[in-house]
Amino acid sequence: AMKRFHKDLQRGSGERMIDWITRYKDARAAARLSDTDIPEEQAGWFLKDKSNLTDAQIQLLEVALPAGDDSTQDQVEGPL
């Protein structure tokens, strides 16, 4: 579960964001069950990093979030 989550998990080329977020959420749930989850304060960064977004898309995402908010995951997918 740890290798799958930390190394293999990323958004595929052409994959819809909603499908990617569903896979991410499922992978985090599995990682929690096996005690290999990432800390909450890193979850938003990890989601953005593994989303294969362009720099422009990341800027748009960050502009859409409240200022100073580093909880991208909660903003994008809601509570787990």
Side-chain angles (χ1 to χ4, degrees):
M2 180 155 74
K3 180 179 185 271
R4 178 176 173 249
F5 185 75
H6 291 281
K7 296 197 182 243
D8 298 338
L9 185 66
Q10 67 180 355
R11 181 174 163 236
S13 177
E15 182 176 15
R16 295 181 324 152
M17 281 301 288
I18 191 70
D19 296 333
W20 154 240
I21 291 171
T22 298
R23 283 193 318 108
Y24 176 83
K25 189 174 180 179
D26 291 346
R28 273 214 67 207
R32 270 197 197 103
L33 291 175
S34 65
D35 292 327
T36 59
D37 195 19
I38 58 175
E40 285 297 321
E41 56 273 6
Q42 295 175 8
W45 174 87
F46 195 83
L47 176 63
K48 284 190 296 188
D49 184 61
K50 296 294 189 166
S51 291
N52 293 326
L53 299 173
T54 65
D55 289 340
Q57 290 169 320
I58 289 171
Q59 281 184 329
L60 287 171
L61 176 64
E62 290 173 348
V63 167
L65 298 176
D69 190 349
D70 196 26
S71 60
T72 302
Q73 175 180 330
D74 291 338
Q75 295 294 323
V76 172
E77 71 178 67
L80 292 175

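Heavy atoms only: backbone and side chains are in, while hydrogens, waters and symmetry mates are out.
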Value rounded to 0.5 Å, distance of CG in Leu47 from CD in Gln42: 13.5 Å
To the nearest 0.5 Å, how far apart are CG in Asn52 and CD in Gln10? 5.0 Å
Minimal non-hydrogen separation, Ile38 against Arg28, with atom names: O-NH2, 3.5 Å
Identify, with sequence neighbours excluded, every residue that meets salt bridge (Lys or Arg N to Asp or Glu O under 4.0 Å) alongside Asp35. none
Of the non-hydrogen atoms in Leu9 and Ala27, which two are nearest, and what is the gap between them? CD2-CB, 3.6 Å
Glu15: partners by side-chain contact (heavy atoms from CB on, under 4.5 Å), with sequence neighbours left out: Arg11, Asp19, Trp20, Arg23
Atom CG of Asp55 and atom CG of Leu60: how far apart are they, to the nearest 0.5 Å? 11.0 Å
Under the side chain to side chain donor-acceptor pair (under 3.5 Å) test, which residues partner Gln57, sequence neighbours left out? Thr54
Residues forming a side-chain contact (heavy atoms from CB on, under 4.5 Å) with Ser13, sequence neighbours excluded: none
Ile18 CD1: over 12 foreign heavy atoms closer than 6.0 Å: no
Distance (rounded to the nearest 0.5 Å) between Glu62 CD and Ile58 CD1: 6.5 Å
